[in-house]
Amino acid sequence: MEPSPTTGGSETTRLVGPRDRGGAGGGLRLKSLFTEAPEPLPEEPKPVEMSFHHCHRDPLPQPGLTPERMQAQRQLCTACAVCCVFMAGEVVGGYLAHSLAIMTDAAHLLADVGSMMGSLFSLWLSTRPATRTMTFGWHRSETLGALASVVSLWMVTGILLYLAFIRLLHSDYHIEGGAMLLTASIAVCANLLMAFVLHQAGPPHSHGSRGAEYAPLEEGSGEPLPLGNTSVRAAFVHVLGDLLQSLGVLIASILIYFKPQYKAADPISTFLFSICALGSTAPTLRDVLRVLMEGTPRSVSFEPVRDTLLSVPGVQAIHELHLWSLTFTHYVASAHLAIDSTADPEAVLAEATSRLHSRFGFSSCTLQVEQYQPEMAQCLRCQEPPQA
């Protein structure tokens with residue numbers, strides 16, 4: 001066995017016969033390779049970046065709150081602290097002044113505190129991932145918090161209305177005009193301060209501000225509704241309502257301060273502002289019940305969504321169309337798309353999902369693609385639901 005040089009500096013041993021040494025003879029000698037270049041290992045498969053319509057349109061959420069939600073959290077925390085301080089001050093001032101109108105204003109502040117704390121709780125829960133038990137995540141907690149806030153306001157307002165009715169029947173009460181005027185003035189300043197804290201620039205989003213009217217998003221925007229901005233704007237609107245009520249209480253306190261004989265202005269203003277408080281919570285209660293009853297979102301109608309899906313090339317019919325929302329801003333849709341035999345199911349799925357997301361702001365869409373059958377036209381389960 002002898003070494004023999006090879007190209008590239010490698011060395012081999014080969015089987016040779018004696019004649020290989022001297023040019024004659026037979027026999028064999030071992031030939032083995034021990035320094036040959038190893039075969040290249042197969043490359044590990046690289047993750048393929050799927051197109052945006054694969055199944056997850058949104059990017060993987062990052063842990064923690066986004067900068068926008070962090071700012072919303074700071075605004076809500078500041079406004080909530082201010083609201084708690086001045087709410088306690090109004091309770092004390094209303095008790096010292098024997099004013100139900102001041103107490104009514106404090107009750108409205110209590111509802112605002114509950115609403116803002118519910119928004120803060122929702123911002124915190126929005127960072128928690130979905131689990132096998134809570135497959136949709138914890139979004140619905142925002143709706144439950146809004147319901148608790150409305151119920152608490154109604155209970156307190158009912159007690160104040162009862163007391164105001166008793167005062168109108170029996171005039172044996174006294175109002176401290178000075179304490180009432182001071183407390184009402186401080187309440188106006190507090191609401192102005194909270195409005196300043198919650199004020200944020202920027203045009204409102206197309207959803208949620210036009211009632212049941214359909215307000216499509218700009219084509220191609222494709223962004224879900226921001227929870228932080230929505231919560232701050234809702235709190236800002238509530239504070240504006242409180243400001244108007246505080247101004248009314250201030251007017252009543254000025255009247256009582258200069259004209260004590262008109263002390264009936266206190267229970268009368270309590271009636272008026274209680275009705276305003278209950279009326280301001282009626283839209284919130286309606287939206288909460290719509291969400292809990294899995295109703296179609298306010299800013300999305302059944303017909304535009306149906307027509308959008310039918311306009312996708314290759315779609316012959318749709319059925320089992322369901323529209324609902326997990327919260328006031330998190331919309332979900334599901335449907336069966338019946339396509340013709342020449343349509344590409346993947347292309348139809350991608351186009352339908354893209355249109356639902358960009359035009360209506362759906363956060364989650366589940367679409368089932370199937371072949372169109374003529375029997376679907378007579379199938380009772382494939383018919384549209386009746387108009388409510």
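Every value quoted in this text rests on a predicted model; they were computed, and no experiment measured them.
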- Within one Ile-Leu-Val-Met-Phe-Trp-Tyr cluster: V156 and I166, side-chain cutoff 4.5 Å: yes
- OG (S99) and CD1 (I175) are apart, to the nearest 0.5 Å, by 5.5 Å
- W324 atom CH2, over 12 foreign heavy atoms within 6.0 Å: yes
- Between A195 and V239 the two heavy atoms that sit nearest each other are N-CG1, 3.7 Å
- Task: Please check if L310 and L356 belong to a single hydrophobic cluster, counting links between Ile, Leu, Val, Met, Phe, Trp and Tyr side chain heavy atoms closer than 4.5 Å.
- Result: yes
- Enter the distance from S364:OG to L326:CG here, rounded to the nearest 0.5 Å. 8.0 Å
- Determine, using the 4.5 Å side-chain heavy-atom cutoff (strictly less than), whether L182 and L243 are members of one ILVMFWY cluster. no
- Message: Contact between L323 and F360 at the side-chain level, heavy atoms closer than 4.5 Å - yes or no?
- Response: no
- Task: Apply side-chain contact (heavy atoms from CB on, under 4.5 Å) to the pair L321 and R306, showing each step before the final yes or no.
- Result: CA-CA 8 Å; L321 176 59; R306 176 202 60 195; 4.1 Å; yes
- d(H357 NE2, S363 OG) to nearest 0.5 Å is 6.5 Å
- Message: To the closest 0.5 Å, what do you measure between CG (L349) and CD (E351)?
- Response: 10.5 Å
- Query: Do you know the tightest heavy-atom contact between M180 and D266?
  - Reply: CE-OD1, 3.6 Å
- Indicate yes or no: at least one non-hydrogen side-chain atom of F86 is less than 4.5 angstrom from one of N191. no
- Message: Is any side-chain heavy atom of V188 closer than 4.5 Å to one of L192?
- Response: yes
- Message: With side-chain contact (heavy atoms from CB on, under 4.5 Å) as the criterion, how do E370 and I339 come out once you've worked through the C-alpha distance, each side chain's angles and the decisive distance to 0.1 Å?
- Response: CA-CA 6 Å; E370 56 195 23; I339 63 175; over 6 Å; no
- Minimum heavy-atom separation for A101 to T270, with atom names? N-OG1, 3.1 Å
- Query: Distance-only, no hydrogens or angles: does the S301 side chain make a donor-acceptor pair with backbone N or O of P304 under 3.5 Å?
  - Reply: no
- Under the 3.5 angstrom rule, does the side chain of E320 hit a backbone N or O of A335 as a donor-acceptor pair? no
- Item | Considering all heavy atoms, the nearest R167-H98 contact | NH1-O, 2.6 Å
- Query: Are L147 and F328 grouped together when hydrophobic residues (ILVMFWY) are joined by side-chain heavy atoms under 4.5 angstrom apart?
  - Reply: yes
- Message: Donor-acceptor pair, distance only, cut-off 3.5 Å: does the side chain of K263 make one with the backbone of Y173?
- Response: yes
Please tabulate, one pair per line, all N/O donor-acceptor pairs under 3.5 Å involving side-chain atoms of residues 252-262, not counting sequence neighbours.
{"from": "S253", "atom 1": "OG", "to": "V249", "atom 2": "O", "distance (Å)": "3.3"}
{"from": "S253", "atom 1": "OG", "to": "L250", "atom 2": "O", "distance (Å)": "2.6"}

- Item | Min side-chain heavy-atom separation E303-Q387 under 4.5 Å | yes
- Item | L292 and L144: CA distance, side-chain angles, deciding distance, side-chain contact (heavy atoms from CB on, under 4.5 Å) verdict | CA-CA 9 Å; L292 295 179; L144 297 177; 4.1 Å; yes
- Looking only at heavy atoms, what is the nearest atom pair of L163 and L100, with distance? C-CD1, 3.6 Å
- Task: List the steps and the verdict of side-chain contact (heavy atoms from CB on, under 4.5 Å) for L169 and F165.
- Result: CA-CA 6 Å; L169 290 181; F165 182 74; 3.4 Å; yes
- Item | Note, S341 side chain near Y372 side chain (heavy atom, < 4.5 Å) | no
- Message: Can you confirm whether L96 sits close enough to E176 that some side-chain heavy atom of one is under 4.5 Å from a side-chain heavy atom of the other?
- Response: no
- Mark yes when over 12 heavy atoms from residues, nucleotides or ligands other than M376 sit less than 6.0 Å from its CE; otherwise mark no. yes
- Task: Give a yes or no on whether V150 and M293 share a hydrophobic cluster (residues Ile, Leu, Val, Met, Phe, Trp, Tyr; joining criterion: side-chain heavy atoms under 4.5 Å apart).
- Result: no
- Between R290 and S325, do the side chains contain an N or O donor and an N or O acceptor separated by less than 3.5 Å? no
- Does the E384 side chain pair with the main chain of I318, one donor and one acceptor, at a distance under 3.5 Å? no
- Note on the structure: Output for pair (H322 NE2, S334 OG), nearest 0.5 Å, gives 5.0 Å
- Message: When you compare the side chains of Q371 and Q373, does any donor N or O come within less than 3.5 Å of an acceptor on the partner?
- Response: no
- First locate atom OG1 of T353, then atom CG of L309, and finally report the distance between them rounded to the nearest 0.5 Å. 9.0 Å
- Determine whether I159 and T157 make a side-chain contact, defined as any pair of heavy atoms from C-beta on separated by less than 4.5 Å. no
- Query: Taking side chain as C-beta onward, heavy atoms only, is L110 less than 4.5 Å from E90?
  - Reply: no
- Message: How close do S246 and D105 get, counting heavy atoms only, and between which atoms?
- Response: OG-OD2, 2.8 Å
- Message: Just by distance, no angles: are the side chains of S299 and Y331 close enough, under 3.5 Å, to form a donor-acceptor pair?
- Response: yes
- Query: Passes salt bridge (Lys or Arg N to Asp or Glu O under 4.0 Å), R140 versus E294? Steps please.
  - Reply: CA-CA 11 Å; R140 190 59 64 83; E294 308 288 352; 3.7 Å; yes
- Note on the structure: Residues passing the ring pair (Phe, Tyr, Trp, His ring centres under 6.0 Å) test with H336, sequence neighbours excluded, are H319
